[in-house]
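First comes the structure, then the notes that go with it.
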Amino acid sequence: MSKRKRYSPEYKREIVELVRRSKSSCRQVALEVGVNPNMLTRWVREAEAGGGKAFPGGGTPRDEELARLKRELTRVTKERDFLKRRGSVLREAITERYAVIERCRSDYPVGMMCRCLEVSTSGFYAWVGRKPGPRARANAGLLERIREIHEDSKGVIGAPRMREDLVDEGMHASVNRVARLMARAGLQGWPRRTRRRFGGKPGARPVGIENRLERDFHANEPETKWVTDITEIVTQEGKLYLCVVVDLYSKLVVGWSMHHRQDRHMVVRAVQMAVWQRQGSSEVILHSDRGGQFISGTYQKFLGGNALVSSMSAVGHCADNAACEGFFGMLKRERVHHRCYRTRDEARADLFDYLERFHNPRMRRRVARRDREFSALIKPSVETG
């Protein structure tokens, strides 16, 4: 392999000056002196663009070394600036690095970026000219729908529930795939906020009332186990209290009531709504904590007259009603903590929107999907009957 020829700045300046004085073409002069015509053409362009600053150095070793160090400093500075802005992509896949190079082509040389990101230049150009494959096109379409659902939910849905919505629409994708696409697009659900709470002194259970659930929040059929509780919503006008009744089978809010006072009448109204929506007439266990509203005679009398069996938590055990507490946590994480309610009416409207237009429709779709899966399991086989 022949050694590559090197030319001093003085030689370059003189041959460019020869081309300018000569009446011959640049290619003819190059062939006469034994220089590559393309190289000589580039020297001429550099001289025209740089003027007297083109080809620095006077030909001495010291000038040559100074010019080399300046070029090296320029290269290192560019690499440093590029890595400072995009160096974190080294942890990503090769396609992600290619995407960064494509975005920065107008600012940095492609060869330098490929060297810094440890990818081949030929691989990058092959990736640029390659059309997206079937999987990439499918991911693009899936991500577009994910963005729409995420925006419709006001940014509260994470990967598991996002996957449920996609399956309901007939778009099959695993949770890991949905989570990966959401992470790449910077989409995520609202995280849970932890807060230490101090409750008041609980009341005594009425005679004959026990904890019938014993923290078993699983229900095999609807209208067998309900849980209820009260939470407060802060507004600029004052506090608004919300009481809900949740069916443990479907996780539907089957009854609810809102008022500026948390009294026994608000609780009875929420339970009455649940009773009105009940399809059967069998007994239902209704579990609550030991709040004053739930141990009141009015509340207990209403339960006894509507085939509802009262169940109450033990003293100091908030986990005994964890199912309802969990719903309130989800409600506040996904909606209340991201709002600043000016009036109670504004809070009422937003809570109604969450309960009846967001939460309950999702739970109904979940139950319908679960029923379809169960029906598919018990469907007789064509071969065995």
Give the minimum heavy-atom separation between Arg20 and Ala47, together with the two atoms involved. NH2-CB, 3.7 Å
Could you go through residues 174-184 and list every donor-acceptor pair under 3.5 Å that involves a side-chain atom there, pairing it with any protein atom two or more places apart or in another chain?
residue, atom, partner, partner atom, Å
Ser174, OG, Arg177, N, 3.2
Arg177, NE, Asn139, OD1, 2.9
Arg177, NH2, Asn139, OD1, 2.8

Does this structure show an ion pair linking Arg366 with Asp168, if we count only N-O contacts that are shorter than 4.0 Å? no
Arg42 with Glu46: basic N within carboxylate O range, under 4.0 Å: yes
Shortest non-hydrogen separation from Val119 to Ile101 and the atoms involved: CG2-CD1, 3.8 Å
Measuring from Lys301:NZ to Arg264:CZ, what's the distance to the nearest 0.5 Å? 12.0 Å
Asn321 CG to Thr228 OG1 distance, which is reported to the nearest 0.5 Å: 8.0 Å
Report, one line per pair, each donor and acceptor closer than 3.5 Å where one atom sits in a side chain of residues 236-245; sequence neighbours left out.
residue, atom, partner, partner atom, Å
Glu237, OE1, Arg344, N, 2.8
Lys239, NZ, Glu232, OE1, 3.4
Lys239, NZ, Glu232, OE2, 3.4

Non-neighbouring partners of Arg215 that pass side chain to side chain contact (heavy atoms under 4.5 Å, CB included), sequence neighbours left out: Phe217, His317, Ala319, Asp320
Which residue pairs satisfy the side chain to side chain donor-acceptor pair (under 3.5 Å) criterion with at least one member in residues 270-280, sequence neighbours excluded? none
Sort and list the pairs that fulfil side chain to side chain donor-acceptor pair (under 3.5 Å) and have at least one residue in residues 112-126, not counting sequence neighbours. Glu79-Arg115
Path from Leu166 to Val156 over hydrophobic side-chain contacts below 4.5 Å: yes
Smallest heavy-atom separation, Ser22 atom then Val29 atom, equals OG-CG2, 4.2 Å
Within residues 216-227 or reaching into it, pairs that qualify as side chain to side chain donor-acceptor pair (under 3.5 Å) - sequence neighbours excluded: Asp216-Lys225, His218-Asn220, Trp226-Asp247
Check this for me: does any side-chain nitrogen of one of Glu148 and Arg145 sit under 4.0 Å from a carboxylate oxygen of the other? yes
I would like to know whether Arg147 and Glu144 meet side-chain contact (heavy atoms from CB on, under 4.5 Å); could you show each step before the answer? CA-CA 5 Å; Arg147 291 183 185 276; Glu144 182 178 356; 5.8 Å; no
Among residues at least two apart in sequence or on other chains, which ones pass side chain to side chain contact (heavy atoms under 4.5 Å, CB included) with Phe352? Trp256, Glu356
Give me each pair satisfying ring pair (Phe, Tyr, Trp, His ring centres under 6.0 Å) with a member in residues 127-160, each pair once, sequence neighbours excluded. Tyr98-Trp127
Answer yes if Phe328 and Ile233 sit in the same cluster of Ile, Leu, Val, Met, Phe, Trp and Tyr residues linked by side chain heavy atoms under 4.5 Å apart, and no otherwise. yes
Dump the intermediate steps for side-chain contact (heavy atoms from CB on, under 4.5 Å) on Lys251 and Phe327, then the final yes or no. CA-CA 9 Å; Lys251 305 301 185 295; Phe327 169 76; over 6 Å; no
Within 45 degrees of the ring normal and closer than 6.0 Å to the centroid, is that where the cationic atom of Arg339 sits relative to Tyr354? no
Sequence neighbours excluded, which residues qualify as side chain to side chain contact (heavy atoms under 4.5 Å, CB included) partners of Arg362? Ile157, Arg161, Glu164, Asp165, Phe358, Arg365
Among residues at least two apart in sequence or on other chains, which ones pass side chain to side chain contact (heavy atoms under 4.5 Å, CB included) with Leu31? Arg27, Pro37
Let me check something: do Ile94 and Val128 share a hydrophobic cluster, defined by ILVMFWY side-chain heavy atoms less than 4.5 Å apart, either directly or through other members? yes
Please collect all ring pair (Phe, Tyr, Trp, His ring centres under 6.0 Å) contacts where either partner lies in residues 8-36, sequence neighbours excluded, each pair once. Tyr7-Tyr11
Could you give me the CA-CA distance, side-chain angles and deciding distance for Leu142 and Met171, then say whether side-chain contact (heavy atoms from CB on, under 4.5 Å) is met? CA-CA 8 Å; Leu142 192 62; Met171 304 175 70; 3.5 Å; yes
Met312 versus Ser288: any side-chain heavy-atom pair under 4.5 Å? yes
List the atom of Met266, the atom of Arg261, and the distance in Å for their closest heavy-atom pair. SD-O, 4.0 Å
Verify same cluster id: Val234, Val336 (apolar side-chain graph, 4.5 Å): no
Inter-residue atom distance Ile230.CD1 - Met258.CE, 0.5 Å rounding: 13.5 Å
Mark yes when over 12 heavy atoms from residues, nucleotides or ligands other than Arg370 sit less than 6.0 Å from its CZ; otherwise mark no. yes
Minimum-distance pair of heavy atoms, taken over all atoms of Tyr108 and Lys78: CE2-O, 3.8 Å
Rounded to the nearest 0.5 Å, how far does CD1 of Ile149 lie from CG of Leu187? 11.0 Å
If Ile, Leu, Val, Met, Phe, Trp and Tyr residues are connected whenever their side-chain heavy atoms lie under 4.5 Å apart, and connections chain through other members, are Leu355 and Val367 in the same group? no
Restricting to ring-ring contact (aromatic ring centres under 6.0 Å, His included), what partner residues turn up for His260, sequence neighbours left out? none
Distance from Ile209 atom CD1 to Ser310 atom OG, nearest 0.5 Å? 4.0 Å
To the nearest 0.5 Å, what is the distance between CG (Leu286) and CZ (Arg212)? 12.0 Å
